[in-house]
A.B. asks: 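Okay, handing you the structure first.
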Amino acid sequence: MIDTKALRQEQREKSRLVIRHDAFFASFTPRFIAGADVGFEKSGTVTRAAIAVLQYPSLELVEYQVARIDTVLPYIPGLLSFREYPALIAAWQKLSLRPDLVMVDGQGIAHPRRFGIASHFGVLVDVPTIGVAKSRLCGEHALVGEVQGDRQPLMDHGEQIGVVLRSKKRCNPLYISLGHKISIDSAVFWVEQCMKGYKLPEPTRWADGIASNGSFFKQTTQKNL
DNA sequence: GCGACAG
DNA sequence: ATCTTGTCGC
């Protein structure tokens, strides 16, 4: 049986290690920004993680790695990170480059115990991370405007835990939250700097394509690798 | 007790 | 997350 009680307690303890301010980007520009995503195969028995590294500001793909491992845990709301971080770590260790910033598919501190996958991964590998989720896990927010760029703070018990951003017109908004070693304002800023007219920022879009769509490569004109 | 619930 | 092409709407 899964000791969910212990896992939640571990999240509460490790969440104290999350650094909620800019630790590296206050005064300079990142050179490599990565996107990370996780998918499943074989009826969910195999977990596949993909990390795509883009050069900034060109936003061109310079490297990507994929790792597959046996699935270690089923999906349990609030405990997603324990299910996905092992594969992410495996893909991370395959990289020859060291990204300056990583955008992770999922929540950062916009989590019941302020320790979503983006924060968990960021703390484990000690790298600045941003949580870029496609839906809400917790918190409340006012309706977001329809115009691209419109946003609303994501609040939980009087505390701002993220920003709900309309990254593209007629698309559901993105839930942005700080993962580790970055402020919420910088997190949103960098996500917007990586936008190219799609719902998802380029790093996440590439990781998504690599982790899920095999047709993503064929249809996307790109050099390298 | 009931509803919500990242991927 | 995953099963999956074409199709409706702006």
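Just so we're on the same page: letters track the sequence lines, and every chain starts at 1.
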A.B. asks: Report yes or no: does S119(A) contribute a side-chain atom to a donor-acceptor pair with the main-chain N or O of G179(A) at less than 3.5 Å?
C.D. replies: yes

A.B. asks: Within this structure, what is the OH-CH2 distance for the pair Y56(A) and W190(A), rounded to the nearest 0.5 Å?
C.D. replies: 4.5 Å

A.B. asks: Spell out, as yes or no, whether a donor-acceptor pair under 3.5 Å connects the side chain of Q55(A) to the backbone of V62(A).
C.D. replies: no

A.B. asks: If the condition is salt bridge (charged side-chain N to carboxylate O under 4.0 Å, His left out), which residues does E140(A) pass it with, not counting sequence neighbours?
C.D. replies: none

A.B. asks: Counting only non-hydrogen atoms, which of residues 143-167 of chain A are less than 4.0 Å from DNA chain B?
C.D. replies: none

A.B. asks: Quick one: are L178(A) and V18(A) in side-chain contact, heavy atoms under 4.5 Å?
C.D. replies: yes

A.B. asks: Using side chain to side chain contact (heavy atoms under 4.5 Å, CB included) as the criterion, point out the one residue from Q193(A), M103(A), E202(A) that pairs with I33(A).
C.D. replies: M103(A)

A.B. asks: Which side-chain hydrogen bond (donor to acceptor under 3.5 Å, both in side chains) pairs, counting each pair once, include a residue from residues 73-91 of chain A, with sequence neighbours left out?
C.D. replies: S81(A)-H120(A)

A.B. asks: Sequence neighbours left out, what passes salt bridge (charged side-chain N to carboxylate O under 4.0 Å, His left out) with R136(A)? Give chain and number order.
C.D. replies: none

A.B. asks: Is the shortest side-chain N to carboxylate O distance from R48(A) to E41(A) below 4.0 Å?
C.D. replies: yes

A.B. asks: To the nearest 0.5 Å, how far apart are CZ in F82(A) and CD1 in I76(A)?
C.D. replies: 10.0 Å

A.B. asks: How does protein contact run along nucleotides 1-7 of chain B, one letter per nucleotide 5' to 3', with B for base contact, S for sugar-phosphate only, - for none, heavy atoms under 4.0 Å?
C.D. replies: ---SBBB

A.B. asks: What pairs with R113(A) under salt bridge (charged side-chain N to carboxylate O under 4.0 Å, His left out), at least two apart in sequence or on another chain?
C.D. replies: none

A.B. asks: According to a 3.5 Å limit on both distances, what stems of 3 or more consecutive Watson-Crick or G-U pairs are formed with DNA chain B?
C.D. replies: none

A.B. asks: Could you work out, with salt bridge (charged side-chain N to carboxylate O under 4.0 Å, His left out) as the rule, every residue matching K199(A), not counting sequence neighbours?
C.D. replies: none

A.B. asks: If you walk 5' to 3' along DNA chain C, what is the first nucleotide with an atom under 4.0 Å of a heavy atom in chain A, and what is the last?
C.D. replies: dA1(C) to dC10(C)

A.B. asks: For R98(A), enumerate each residue passing the side-chain hydrogen bond (donor to acceptor under 3.5 Å, both in side chains) test, keeping only those at least two apart in sequence or located in another chain.
C.D. replies: none

A.B. asks: Using a 3.5 Å limit for the pairing distances, which stems of at least 3 consecutive Watson-Crick or G-U wobble pairs does DNA chain C take part in?
C.D. replies: none

A.B. asks: Using the salt bridge (Lys or Arg N to Asp or Glu O under 4.0 Å) rule, collect all pairs that involve residues 146-160 of chain A, keeping only residues at least two apart or in two chains.
C.D. replies: R20(A)-E159(A), R114(A)-D156(A), R114(A)-E159(A), E146(A)-R166(A), R151(A)-E192(A)

A.B. asks: To the nearest 0.5 Å, how far apart are CD1 in I210(A) and CG in D37(A)?
C.D. replies: 10.0 Å

